[in-house]
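Read the structure below first, then the notes.
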Amino acid sequence: MLPVVFDLDGTLIDSAPDIHAGANGLLADEGQAPITLAEARSFIGNGAAVFVARMRAVRGIPDSEQPRLHAEFVRRYDDFVSLTHPYPGAVAALHVLEANGHRLGICTNKPHRPTMAILTHLGIAGLFDTILGGDSLPVHKPDPAPLRAAFAALGGPGLFVGDSEVDAETAHAAGVPLLLFSQGYRKAPAETLGAAAIFDDFSTLPALVARLQLGHANGDRPY
Ligand SMILES: O=C(O)COP(=O)(O)O
Ligand SMILES: [Mg+2]
C-alpha cells in the first residue's frame, strides 16, 4: 500500500487558536498590541521564523529583534497545545488508513519539538512511522527534501495530504500527488493548486486514497 504523509497545521489539526494565543502572550510581554486570529492563521505555513517575521511586520518590530523573538517563540512553542483540536474525522481517518495497511508520516514546517508535543498531547504520535519538522533538515517545505526524506523512511513514494500553497509546491517539486484538504489555512482558490484530489471532510479521505491507490496499481500518472 502507498505510504501517506500528512502536513500538520491546517491539515490534521486546527492549531491557529493556540499559535494565536502564544503569539499574543509574547507580544504582550513585549508591550505590543495583539494580532487577530485571522492574521495568525494567515502567517502559518512557512515555519516559525516566517511566522515571527510576519508578526513583527504588522507590529512594526524591527528586523534586529528577529533572532531574539524567534528563539523566545520557539522556547514557548511546546506549550501551545490546549486550544488545538484535530479536524473532525481526521483521527478516525488515520486509524482507517493504518488498518488498511498504509504506513503514515508527518512532514510539517512546525519545529520538531512542538510537533511531538502536540501529537503526544492528542495521543496520536504513535500512528506515525516518521515525523519530520521544519527544523529536522537544513531546509524545509517548499523544498522537497523533507517530504522525500519522509517517503524514504516509509519505503517509497506515496501520497501527500496538505492544506496550503506551500504543500502544493512541495508535492510538485517532490513529484508526488497532493490530496488537498480545503478547510485549512490556504489563501488561493483550491482548484488552482494542481491537487490530484480536493476534499473537505476527512470521512471521505480513505476512499480517495483507495481510488488513487487503484490508479497507481493500474499505472495512471499521476496515480
Ligand atoms: O508554519 C508552520 O509552522 C507549520 O505549518 P505546516 O504544519 O502547515 O507545515
Ligand atoms: Mg499546513
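Every number for a ligand or one of its atoms is a count from 1 in the order of the listing.
A donor and an acceptor atom, one from each side chain of Asp18 and Thr84, are located under 3.5 Å apart.
Here the shortest heavy-atom pairing between Pro142 and Ala173 reads O-CB, 4.3 Å.
A salt bridge links Asp78 to Arg113: one of the charged nitrogens lies within less than 4.0 Å of a carboxylate oxygen. Between Arg76 and Glu72, at least one side-chain nitrogen of the basic residue sits less than 4.0 Å from a carboxylate oxygen of the acidic one, meeting the salt-bridge criterion. Arg186 and Asp167 are not joined by a salt bridge, as no carboxylate oxygen comes within less than 4.0 angstrom of a charged side-chain nitrogen. The existence of a salt bridge linking Arg59 and Glu65 is excluded, since no basic side-chain nitrogen approaches an acidic carboxylate oxygen closer than 4.0 Å.
Both the backbone and the side chain of Asn109 come within 4.0 Å of ligand 1, counting heavy atoms alone. Counting heavy atoms closer than 4.0 Å to ligand 1, residue Val50 contributes nothing at all.
At least one heavy atom of Gly47 sits closer than 4.0 Å to an atom of ligand 1.
The contact set between ligand 1 and Gly45, taken as ligand atoms under 4.0 Å from a residue heavy atom, comprises 1 (O), 2 (C), 5 (O). Set against the non-hydrogen atoms of Lys141, the atoms of ligand 1 under 4.0 Å away are 9 (O). Those atoms of ligand 1 that come under 4.0 Å of a heavy atom in Leu8, given as number and element, are 7 (O). For ligand 1, the atoms closer than 4.0 angstrom to any heavy atom of Lys110 are 2 (C), 3 (O), 4 (C).
Not less than 6.0 angstrom separates the ring centroid of Tyr185 from the ring centroid of Phe43. Aromatic pair Phe6/Phe160: ring centres not closer than 6.0 Å.
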**OP:** Please assess Asp63 against Arg56 for the test salt bridge (charged side-chain N to carboxylate O under 4.0 Å, His left out), listing each intermediate value before the final yes or no.
**Re:** CA-CA 8 Å; Asp63 290 355; Arg56 279 193 307 97; 3.2 Å; yes
Subject >> Test log, rule salt bridge (charged side-chain N to carboxylate O under 4.0 Å, His left out), inputs Asp9 and Lys110 >> reply: CA-CA 8 Å; Asp9 293 316; Lys110 190 191 280 296; 3.1 Å; yes
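With respect to atom 4 (C) of ligand 1, the closest heavy atom belonging to the protein is Asp9 OD2, 2.9 Å. For atom 6 (P) of ligand 1, the closest non-hydrogen atom on the protein side is Asp7 OD1, 2.9 Å. Protein heavy atom at the shortest distance from atom 7 (O) of ligand 1 is Thr108 OG1, 2.5 Å.
Around the Mg ion (ligand 2), protein N, O or S atoms at less than 2.8 Å comprise Asp7 OD2, Asp9 O, Asp163 OD1.
Under a cut-off of 6.0 angstrom, the local environment of NE2 in His172 is sparse, with at most 12 non-hydrogen atoms contributed by other residues, nucleotides or ligands.
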